[in-house]
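Quick notes on the structure that follows.
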Amino acid sequence: MVEQYPSISEKIQTHNAEVRLRWSQINIKNNYTQDIPNIRTFLVSQGKQKYTLPVYKALIKSSEEMKKFAKEVYEETKSSFITQTVCLAQKFLCYTELFLKSICFYFIFFTRNMVIIQLFHLLVCFVLMIGVKCHLKTKCSFSHACRCKTSLSKFVEVDCSNSKLKNIPKLPRNVSSVDLSNNDIHNIPEHHFKDNGILSEINLSVNRLHTLKKEMFFGLKNVGKLHMNNNNITETTNDSFSYLQRLSYLDVKKNNISWNNYNVTFPQSLLTLKIDYNASHENLPEMSHLETLDVSGSSGQCSIHTVKPDTFRSVPTINELDISACKVNYVHNGSFSFMKNLSILDVSFNTCLRFDGLENVTIDLPFTSIKILKFNKIHKTFQMNTKILKQHLLHLNYTNLEELHGDSNRIQLIEEGTIQQLPASIRKLFVSDNEFSYGQYIFDFITTQIEFVNASFLFNSRRDKEREEKCERPDESSCNKVFKPNYVFDETISRFSTAGRLLPLPRKLKKVLYKDCFLRYDIQQYTISENIVEYVDLSYNFFYSWIGPLLTFDHLQLLDLSNNICSNVSKVFFQSFPNLTELLIQNNLLGFVLPDDTEGEIMQHMPVLQFVNLAENRIPSLPYNFFKSHTNLKDIKLGGNMMDNITFQINHMKQLSSLDLSNNRISSLDEHARGNLEEVYKVKNNFSIDISGNPLKCSCDTIEFIKWMSTTKVKILNKRETACLTSRGDQESLLKPNRIFEKLQIECSSYSSLIEGTVASLVVFLFVLIWGICYRNRWRLRYMYYMVKNKYQVQNKGNLDNDSQYEYDAFISYDNNDRFFVHDKLLPCLEREAGLKLCIHKRDFLPGNDIAANITSAIHNSRKVVTVMSHNYLDSYWCMFEYNMAKVESIYSRNKENILFLVFLEQMTAKDLPMMVLELVQSHSYIEYPNDEFGDAVFWNKLREVLSQ
């Protein structure tokens, strides 16, 4: 049987991955090393872990030669793997190295008392560990413009990208891959790679190559990937790639050449081809084994006005076809029906195709193996909104379609029953960047098997600097029907604003993305249809008030309501999320509502919550019991708020491992907060806290906090970004807080107490001394004061008695309830008999002027102000305004000469008078209106005498 391996191996090199996997495993199991080149080709051409990992497992279990080969191929191809595949492959390939390290540790541990033997074991371990050390990129010895990734393996990865090279350096024999992209290379010398037989990948993209010839690739018998996109290739020969017999991946996009005109023959081993294509000038070459064809105009140049049955006839075994952005106007029936293996089809960004043209695409798909269909943006941005009809997606019902992509199509409505035509196999639906309105079609989703929906970025169809494609559909085309736009009233608000309205969801739905949709609503109470939703993203909207509840999301694990500018949350909103483990509500305005939740009622309905993000919410503080119901919390993020301390309880959280308080207003943590942190650490040894970006202080007042930072076992994150402000105004890094603490100990020692005591004693002594001197000379000081005052008054009296500058002798300030006394008695006695000119508001105020302006003008133009004091006067706002204005006039315009004269119209006690009036009564004379005739005559004489002075 072994003798027949070579002939069987040649025949078995089919492009069916399952067959090649099984044959590779058989060869490895029987240690058939002659088939290693075929195994290498298979591993280089595959990136899926279902094909690669079984081969690596078999290689590791085989001979030493096979193990060595496994590591070599892995180093060559790991850059094309997804992260999960890399991790699993490393797990299989590195167990031997871990075993060696374990042996080293074992020897060292048990021989630590035997110095000579210990040194010997260290030397042995050092030699062994060199073989598993990480690869390092260093300058290559053959060219300082290149970086080499080296190890003990005989293969080297060379990176010469972005090095301004004009010529390709001569590569050593052990180079397995070389990146020469983004240089200024014009030519590949013939036979330049003759000694590089193990090269598996060459990247020559973004250079200035203009010619391709056969001899340029001489010696490259193991190259699996070749990147030559973004050059200026204009000439070639038909046998340019004849030496590349193991080539499986070729990218020649963005070159000015028609490959068909040169009758270029591509290797039979080619599985993936990325090429420019103009259907009106050339045909695709025959490639019966090709699996992936990318002619997309998004990454190259493509023009396919009409897709005909013979357009892709030369690639019948294709698995993946990308004709996006190819200016497709319409598609003939039968254009894809012969592609039995077609699983991924992308017709996106053909804006002249529209949905009536999509119908001819879907009609062929039942004859294929279609799994993923992409028709993103096949409707123009500046056209009317569209409605998907049953006929557009009718034929998908007969497929095994799993993913449907219809982003950026200005879809507003879907005809009732269209959704029910989708196949039962559909699992993912991408319809972001559309214009959906409420309609009956929403209820059709309940019966589907969809598990994932992305309906984000609604109403975002317009793009800056977007160029519209000119459509040139033939009139006879059945796709040239004018689609009648649908004008439907947007019932979203009216239908969903009613309490208890049913919100239908697919029964199998697990993940929903509905973010960045510019929706400005409050979230009222809704009843949700039966569901198993686990992930909901409603971020970057304008859901400004969360009232709820949403009944119910029993299986929800992650809810993202961040960036919604919400300032109100009801106490029942979260009650229907009993199994929520991750809550993202950062960047809202919850600081207006959360500080009032003293009993933690808002969050109490999520007992299994493990992660909560409350950052950037302008929260000044949280009540002590805010998290009282959350014993399972592991991570709390409160960064970017306005908190100055830890005011909420955390010592009951047995699982808490991270607390983020960065960029708040914390100057220090008090003793209670520090105690809580220490209690958490005792339960969770990996507990960490982040207080970076806070205005921390390093002073005698916060010395205990600095001491705690230098001694605590709690892990303090981002210490390099954590600093404090000293009493001198300097910023000190807290990377090593023990040094800060030592400085503060010196500054805040007993010397400070001595200085404070001395200063305090000196202040008390000076105060007692000054007080004693003043008391001893109190009468002399009072005498000096009055002498100076009298002298000042005498000097200025002549200037103040200039009667000619006043219009009135007196302004009479009275309440309207006392008008009979003023009009019937005061005016006749003072104006008629004494000849005085008085000002009263009822007679002398200018009509139309502001009341306050009249009052201040009258007072300023009167020599005296007579206040008719009564209980009515004290209760009047304007009377008290006149009184205060008269006092201001006395102080600022009359050099503190008292111009107020009080006339008490009725008996008033001291407790009836406000302080400002009582002060004047106690310091100046006043007159009371008498009740007898004799006293009445004396009263008027005194009053005339005062006002005549």
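The chain is numbered in sequence order, starting from 1.
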Can you find a pair of side-chain heavy atoms, one from [X] and one from [Y], that are under 4.5 Å apart?
X	Y	result
N397	L422	no
L584	S539	no
L505	F553	yes
F336	L345	yes

**Message:** Would N256 and N232 count as a side-chain hydrogen bond (donor to acceptor under 3.5 Å, both in side chains) here? Give the steps.
**Reply:** CA-CA 6 Å; N256 301 321; N232 189 30; 2.9 Å; yes
**Distance under 6.0 Å and angle within 45° of ring axis: K225 vs Y249** =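 Verdict for Y249: a cation-pi partner in K225.
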**Item:** Charged tip of K511 within 45° of Y535 ring normal and under 6.0 Å
**Value:**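 Yes.
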**Message:** If you apply the rule side chain to side chain contact (heavy atoms under 4.5 Å, CB included), what do you find for L538 with V512, and how did you get there?
**Reply:** CA-CA 9 Å; L538 299 173; V512 183; 5.9 Å; no
Do the side chain of [X] and the main chain of [Y] share a donor and acceptor less than 3.5 angstrom apart?
X	Y	answer
N231	L209	yes
N613	S562	no
N263	T265	no
N531	H555	no
S425	L401	yes
N203	S181	no
D179	E201	no
H281	N278	no
N434	F436	no
S567	L590	no

**Residues D407, S432; criterion side-chain hydrogen bond (donor to acceptor under 3.5 Å, both in side chains); working and verdict** = CA-CA 5 Å; D407 302 333; S432 63; 3.1 Å; yes
Rounded distance (nearest 0.5 Å) linking atom [atom1] of [X] with atom [atom2] of [Y]:
X	Y	atom1	atom2	result
L250	I275	CG	CD1	7.5 Å
E469	T351	CD	OG1	4.0 Å
I318	L293	CD1	CG	5.0 Å
L271	M287	CG	CE	11.5 Å

State whether a side-chain donor-acceptor pair under 3.5 Å links [X] with [Y].
X	Y	value
E282	S258	yes
S296	S324	yes
S545	N568	yes
D522	Q524	yes
E616	N587	no

Answer yes or no: is there an ion pair linking [X] with [Y], defined by an N-O contact shorter than 4.0 Å?
X	Y	result
R208	D184	yes
D433	R410	no
E451	R427	yes

Of the non-hydrogen atoms in [X] and [Y], which two are nearest, and what is the gap between them?
X	Y	answer
D444	T448	O-CG2, 3.8 Å
V295	C302	O-CB, 2.9 Å
R507	I532	O-CG1, 3.5 Å
I323	N350	O-ND2, 3.2 Å
F312	I304	CZ-CD1, 3.9 Å

**Asked** Does the ring center of F518 lie less than 6.0 Å from the ring center of F457?
**Response** no
Can you say whether the rings of [X] and [Y] are parallel (under 30°), tilted (30 to 60°) or perpendicular (over 60°)?
X	Y	answer
F241	F266	parallel
H305	Y330	perpendicular
F430	F452	tilted

**Request:** Report the residue from V361, L404, D346, L353 that forms a side-chain contact (heavy atoms from CB on, under 4.5 Å) with F375.
**Result:** L404
**Message:** Does E403 form a side-chain hydrogen bond (donor to acceptor under 3.5 Å, both in side chains) with H405? I'd like the steps, not just the answer.
**Reply:** CA-CA 7 Å; E403 288 187 23; H405 297 251; 3.0 Å; yes
**Asked** What's the verdict on side chain to side chain contact (heavy atoms under 4.5 Å, CB included) for L389 and T418, showing C-alpha distance, side-chain angles and the deciding distance?
**Response** CA-CA 6 Å; L389 304 178; T418 303; 5.6 Å; no
**Prompt:** How far apart are the C-alpha atoms of S348 and K377, what are their side-chain angles, what is the distance that settles it, and do they pass the side-chain hydrogen bond (donor to acceptor under 3.5 Å, both in side chains) test?
**Reply:** CA-CA 6 Å; S348 305; K377 200 168 183 60; over 6 Å; no
**Request:** Assess whether side chain to side chain contact (heavy atoms under 4.5 Å, CB included) is satisfied between Q421 and K390, documenting all intermediate values.
**Result:** CA-CA 8 Å; Q421 293 179 159; K390 287 183 180 180; 3.6 Å; yes
**Message:** Applying the salt bridge (Lys or Arg N to Asp or Glu O under 4.0 Å) criterion to K253, which one of D294, D276, D322 satisfies it?
**Reply:** D294
**Message:** Taking CZ in F367 as the centre, count heavy atoms belonging to other residues, nucleotides or ligands within less than 6.0 Å. Is the count above 12?
**Reply:** no
**Request:** Apply side chain to side chain contact (heavy atoms under 4.5 Å, CB included) to C471 and K380, showing your working.
**Result:** CA-CA 10 Å; C471 301; K380 288 189 176 183; 3.5 Å; yes
